[in-house]
Engineer: 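Can you read through this structure? Questions will come right after.
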Protein chains: 2
Amino acid sequence: MFRDCKDVVGPVRVGDKWTCRILRCLRDGDRRFSELRVPLSAITPKVLTESLRAMERDGLVRRTAHPGVPPKVVYSLTDLGRRLLEFMDTICDWTVTNLPEILEARRAYDERVSV
Amino acid sequence: MFRDCKDVVGPVRVGDKWTCRILRCLRDGDRRFSELRVPLSAITPKVLTESLRAMERDGLVRRTAHPGVPPKVVYSLTDLGRRLLEFMDTICDWTVTNLPEILEARRAYDERVSV
DNA sequence: CCGTATCCATGGGGATACTG
DNA sequence: CAGTATCCCCATGGATACGG
């Protein structure tokens, strides 16, 4: 449904594998780099860094580095990021609403071709 | 924004490169296989076939084969496909609305890092 | 702790040729 | 015309190790 919208959306870091999940992790407040890796357990630091950088650049998240040793960096949602998060919820609602019909179509299709 | 929703969406053929564009090509009426290739000029028959099959399976498009030689097959939107198409329009609306803010964020970011 | 640097695996999708 | 059949590229992103 959505990756195609990259063309419409153009440059927005939208439609990739991690953006939505990262936004969700930040829903309830700031998170540190390592705290983000926990719920996104499969993510490697490289990929997380890339994702966060791109999202920061697009104004979806804010990066705040607290000086000192050991370093401490927290990520938080911007207003734009929060609006996107909420909009993604409506997208998921659409899916939840329509999923039964999709699954039924698929069941019917599979039965037709298997015969 | 959206590819991640594949996880939410799960099995739905949504978030891939072609679904949205194909739906748009069918907006104004039925189209034949070769007619679809014109507006989707970059698409190869293999990819178009794969996309259409998956969309048919998910109940987004309907495939109607008219017997005879040469063969004639037309694709059309199902009700579900049309609802998805309309919903994609609202997604694009969100983007259009928010794109200026994103671009501005990006401009500011690039200036910051280039300094 | 918060990343970078390297290398590598995978699969989506493109190019091309062919068939019923 | 409406696809199949092959081959192949390459970007995304995973694994691992290391650095400030």
Side-chain angles (χ1 to χ4, degrees), chain A residues 1-7 9-22 25-26 30-58 61-76 109 113, chain B residues 1-7 9-22 25-26 30-58 61-76 109 113:
Chain A
M1 161 152 60
F2 305 124
R3 187 193 300 167
D4 174 77
C5 282
K6 269 209 278 195
D7 301 325
V9 170
V12 184
R13 177 78 173 194
V14 137
D16 74 276
K17 185 174 181 181
W18 294 106
T19 299
C20 182
R21 286 185 247 190
I22 290 172
C25 289
L26 294 172
D30 302 357
R31 292 285 180 268
R32 304 177 63 168
F33 189 86
S34 51
E35 290 174 333
L36 284 171
R37 295 196 61 195
V38 177
L40 306 170
S41 50
I43 203 171
T44 62
K46 174 196 156 203
V47 175
L48 180 55
T49 300
E50 287 170 355
S51 301
L52 288 171
R53 286 278 190 283
M55 292 171 71
E56 184 192 2
R57 186 166 110 95
D58 284 352
V61 300
R62 186 173 24 247
R63 179 183 186 276
T64 310
H66 298 82
V69 176
K72 177 176 181 181
V73 178
V74 299
Y75 292 90
S76 54
Y109 180 94
V113 298
Chain B
M1 162 154 58
F2 304 125
R3 185 191 302 167
D4 172 77
C5 283
K6 270 209 276 194
D7 302 325
V9 170
V12 183
R13 177 76 174 198
V14 136
D16 75 276
K17 185 175 180 180
W18 294 106
T19 300
C20 181
R21 286 185 248 190
I22 291 172
C25 290
L26 294 172
D30 302 357
R31 292 285 179 268
R32 304 177 62 168
F33 188 86
S34 50
E35 291 173 333
L36 284 171
R37 294 196 61 196
V38 176
L40 306 169
S41 49
I43 203 171
T44 61
K46 174 197 156 202
V47 174
L48 180 56
T49 300
E50 288 170 354
S51 302
L52 288 171
R53 287 275 191 283
M55 293 171 70
E56 184 192 2
R57 187 166 109 96
D58 284 352
V61 301
R62 186 172 27 243
R63 180 182 185 276
T64 312
H66 298 82
V69 177
K72 177 176 180 181
V73 178
V74 299
Y75 292 90
S76 53
Y109 180 93
V113 299

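Order of the sequence lines sets the chain letters (A, B, ...), proteins ahead of strands, with each chain counted from 1. Keep in mind it's a predicted model, so treat the numbers as computed, not measured. Values reported hereafter were calculated over all heavy atoms of this structure, with side chains retained and with hydrogens, waters and symmetry mates removed.
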Engineer: Rounding to a whole Å, what distance do you find between A/Glu35:CD and C/dG3:C1'?
Structural biologist: 16 Å
Engineer: For A/Lys72 and A/Val74, run side-chain contact (heavy atoms from CB on, under 4.5 Å): C-alpha distance rounded to whole Å, both residues' side-chain angles, the deciding distance at 0.1 Å, then the answer.
Structural biologist: CA-CA 7 Å; A/Lys72 177 176 181 181; A/Val74 299; 4.1 Å; yes
Engineer: Let me see the working for B/Arg53 and B/Arg57 under side-chain contact (heavy atoms from CB on, under 4.5 Å), right down to the final yes or no.
Structural biologist: CA-CA 6 Å; B/Arg53 287 275 191 283; B/Arg57 187 166 109 96; over 6 Å; no
Engineer: Would you say a side-chain N or O of B/Arg32 is under 4.0 Å from OP1 or OP2 of D/dA2?
Structural biologist: yes
Engineer: Calculate, to the nearest 0.5 Å, the distance between atoms CG and CG belonging to B/Leu36 and B/Leu52 respectively.
Structural biologist: 6.0 Å
Engineer: Could you check how far CZ of A/Arg37 sits from P of D/dT16, rounded to whole Å?
Structural biologist: 12 Å
Engineer: Starting from P on C/dT4, measure out to CG on A/Leu52 and report it in whole angstrom.
Structural biologist: 10 Å
Engineer: So A/Val38 and A/Ser34, side-chain contact (heavy atoms from CB on, under 4.5 Å) or not? Walk me through it.
Structural biologist: CA-CA 7 Å; A/Val38 177; A/Ser34 51; over 6 Å; no
Engineer: With a 4.0 Å cutoff (strictly under), does any side-chain N or O of A/Tyr75 reach OP1 or OP2 of C/dG3?
Structural biologist: yes
Engineer: Using atom CZ of A/Arg21 as one end and atom C1' of D/dT12 as the other, report the distance to the nearest whole Å.
Structural biologist: 13 Å
Engineer: Please figure out whether A/Pro71 or A/Thr44 has its closest DNA chain D nucleotide nearer the 5' end.
Structural biologist: A/Thr44
Engineer: Check the distance between C/dG11's C1' and B/Trp18's CH2 and give it to me in whole angstrom.
Structural biologist: 17 Å
Engineer: Report yes if some heavy atom in the side chain of A/Arg63 is under 4.5 Å from a heavy atom in the side chain of A/Val61; otherwise report no.
Structural biologist: no
Engineer: Do the side-chain N or O atoms of A/Arg31 get closer than 4.0 angstrom to the phosphate oxygens (OP1, OP2) of C/dC1?
Structural biologist: no
Engineer: For B/Lys72 and D/dG3, what is the distance between atoms NZ and P respectively, to the nearest whole Å?
Structural biologist: 13 Å
Engineer: Grab the CD1-P distance between A/Ile43 and D/dG13 for me, whole Å please.
Structural biologist: 9 Å
Engineer: As a test of reading the structure: which of C/dC2, D/dG3, D/dG14 is closest to the side chain of B/Val73, going by heavy atoms?
Structural biologist: D/dG3
Engineer: Please report, rounded to the nearest Å, how far the P atom of D/dC1 is from the CZ atom of B/Phe33.
Structural biologist: 12 Å
Engineer: Please pick, from D/dA17, C/dA17, C/dG13, the nucleotide with the shortest atom-to-atom distance to any side-chain atom of B/Pro45.
Structural biologist: C/dA17
Engineer: Is any side-chain nitrogen or oxygen of A/Ser34 closer than 4.0 Å to OP1 or OP2 of C/dC2?
Structural biologist: yes
Engineer: Under the 3.5 Å rule, do the base of C/dG3 and the side chain of A/Lys46 count as making a donor-acceptor pair?
Structural biologist: no
Engineer: Is B/Arg63 close enough to D/dG3 that one of its side-chain N or O atoms is under 4.0 Å from OP1 or OP2 there?
Structural biologist: yes
